[in-house]
Amino acid sequence: MNQKITPSTALLLTIAPLMWAGNAIVGRSVNGLVPPITLNFFRWSIAALILLPFATWIFRRDSAMWTHWRRFALLGLLGVGLYNSLQYLALKTSSPINVTLVAASMPVWMLMIGSLFFGVRVSFKQAIGAAMSIAGVLLVLSRGELRQLLALRLVPGDILMILAAIVWSFYSWLLTLPKDPVEIRSNWIAFLLAQVAFGAVWSGAFAAAEWGIGAPSITWGWPLIAALAFVAIGPAIIALRCWGLGVQRVGPTVAGFFSNLTPLFAAIMSSAFLGEVPHLYHAFAFVLIVGGIVVSSRR
């Protein structure tokens, strides 16, 4: 692992947040075409079919995936089934800018969950950084108005995205535990497919529940087909591959700063494609969140 950021590494670590921002924009734009949880089920089912030819062997009877099925089922539930469903649900009532800014506070939740559930000590600098990032999130949730902050009036999407961030934090910490078979963990396609396969099952169950409570119908057409192709290939496969390569080169700490490009890209795309112009408080919130993460990561 080399701590020096080369142009190729920077490109890899920029592609991932660009794709994730695009995922938020597309998720918002197809709100009227497909129910959010159904969108998540379609996304990961297509991703599984794309990955399947490259790692079919993990489904053999003697595959280590079956002896570790509980772990992969849990990873699939958190990282595929719940996180993405909550994100798409959040986009029904919250803007892509708000959603990605709240998601940019992810390291704070990782810090808190690591301390509470995984025995990781929190330093003074990390606590200060966490406070700064939380202030940034509160600024987003209050829409930049003190009276709204005092009233603490949240839209459902904001709360759902906070829950999604907590879910992803648990998922990320579980990934650090050395419980995966080497033959699967060493092959990025096999490792991803093992999670996606179980995650698609969870997503299917959630989608069935969504339709059971009377979700609206699907409007098929080229806009939806193009959206499904993008979210299944871009944010689900390409972004994870680029991110994994970048992390291998410079480590998770350095790579983590690039993830905060997501709300910046989301703001630009929202203005260009959705007509949702960013406000000044979004910029202040972005500075607070990134500043908090920088302070937290310094030794």
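This is a predicted model, so every value here is computed, not measured. We count residues from 1, following the sequence as given.
- Crowding of Phe118 atom CZ: a count of heavy atoms from other residues, nucleotides or ligands under 6.0 Å exceeding 12.
- The heavy-atom pair separating Ala239 from Ala16 by the smallest distance is O-CB, 3.7 Å.
- Side chains of Asn40 and Tyr83: a donor-acceptor N/O pair is absent below 3.5 angstrom, by distance only.
- For the atom pair Leu89 CG and Leu82 CG, the distance stands at 10.5 Å (nearest 0.5 Å).
- Here the closest non-hydrogen pair linking Ile184 and Ser63 is CD1-OG, 4.4 Å.
- Judged by distance alone, with hydrogens and angles left aside, the side-chain atoms of Arg28 form a donor-acceptor pair with the main-chain N or O of Leu91 at under 3.5 Å.
- Nearest heavy atoms, Val80 versus Ser203: O-OG, 4.1 Å.
- Trp211 and Thr38 form a side-chain donor-acceptor contact under 3.5 Å, judged by distance and modelled atom types alone.
- Within the 3.5 Å criterion, the main-chain N or O of Ile37 finds no donor-acceptor partner in the side chain of Ser85.
- When all heavy atoms of Ala236 and Leu240 are compared, the pair lying nearest together is O-CD1, 3.1 Å.
- Counting only heavy atoms from C-beta outward, the side chains of Leu175 and Phe191 approach each other to under 4.5 Å.
- Hydrophobic cluster membership differs between Val201 and Ile58, with clusters built from Ile, Leu, Val, Met, Phe, Trp and Tyr side chains linked at under 4.5 angstrom.
- Between Trp69 and Phe72, the ring centre distance reaches or exceeds 6.0 Å.
- Centroid-to-centroid, the aromatic rings of Trp173 and Trp168 stay 6.0 Å apart or farther.
- Ile189 and Val182 fall into different hydrophobic clusters, where Ile, Leu, Val, Met, Phe, Trp and Tyr residues are linked whenever their side-chain heavy atoms come under 4.5 Å apart, directly or through other members.
- Counting only distance, with no hydrogens or angles, the side chain of Asn84 and the backbone of Gly79 share a donor-acceptor pair below 3.5 Å.
- Considering every non-hydrogen atom in both Ala64 and Thr67, the closest pair reads O-OG1, 2.8 Å.
- To the nearest 0.5 Å, atom CG of residue Asn31 and atom NZ of residue Lys92 are 4.5 Å apart.
- Residues Leu192 and Arg241 are not in side-chain contact: their nearest non-hydrogen atoms beyond the backbone lie 4.5 Å or more apart.
- In terms of hydrophobic clustering, with Ile, Leu, Val, Met, Phe, Trp and Tyr side chains grouped at heavy-atom distances under 4.5 Å, Phe54 and Phe198 are assigned to a common cluster.
- Transitive grouping of hydrophobic side chains (ILVMFWY, heavy atoms separated by less than 4.5 Å) keeps Leu49 and Ile237 in distinct clusters.
- Taking a 6.0 Å sphere around CZ of Phe206, one finds it holds more than 12 heavy atoms contributed by other residues, nucleotides or ligands.
- A pairwise comparison of heavy atoms in Phe41 and Ala207 identifies CB-CB, 4.1 Å as the closest pair.
- In the hydrophobic clustering of this structure, Trp57 groups with Leu52; members are Ile, Leu, Val, Met, Phe, Trp, Tyr whose side-chain heavy atoms approach within less than 4.5 Å, directly or through other members.
- In this structure, Trp109 and Phe170 have side chains that are not in contact, with every pair of non-hydrogen atoms separated by 4.5 Å or more.
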Legend entry - Criterion ring-ring contact (aromatic ring centres under 6.0 Å, His included) on Trp220 and Phe42, from CA distance to verdict: CA-CA 13 Å; Trp220 287 106; Phe42 286 160; 5.7 Å; yes

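- Pro35 places a side-chain heavy atom less than 4.5 Å from the side chain of Ile218.
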Inset, instruction - Start with the C-alpha gap between Ser169 and Ser172, add the side-chain angles, then the distance that decides, and say whether side chain to side chain donor-acceptor pair (under 3.5 Å) holds. - result: CA-CA 5 Å; Ser169 298; Ser172 299; over 6 Å; no

Inset, instruction - May I have the step-by-step check of side-chain contact (heavy atoms from CB on, under 4.5 Å) for Leu39 and Leu228, ending in yes or no? - result: CA-CA 8 Å; Leu39 171 62; Leu228 289 174; 3.6 Å; yes

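- No side-chain heavy atom of Lys179 sits under 4.5 Å from any side-chain heavy atom of His68.
- Within the 4.5 Å cutoff, side-chain heavy atoms of Leu174 are placed close to those of Arg71.
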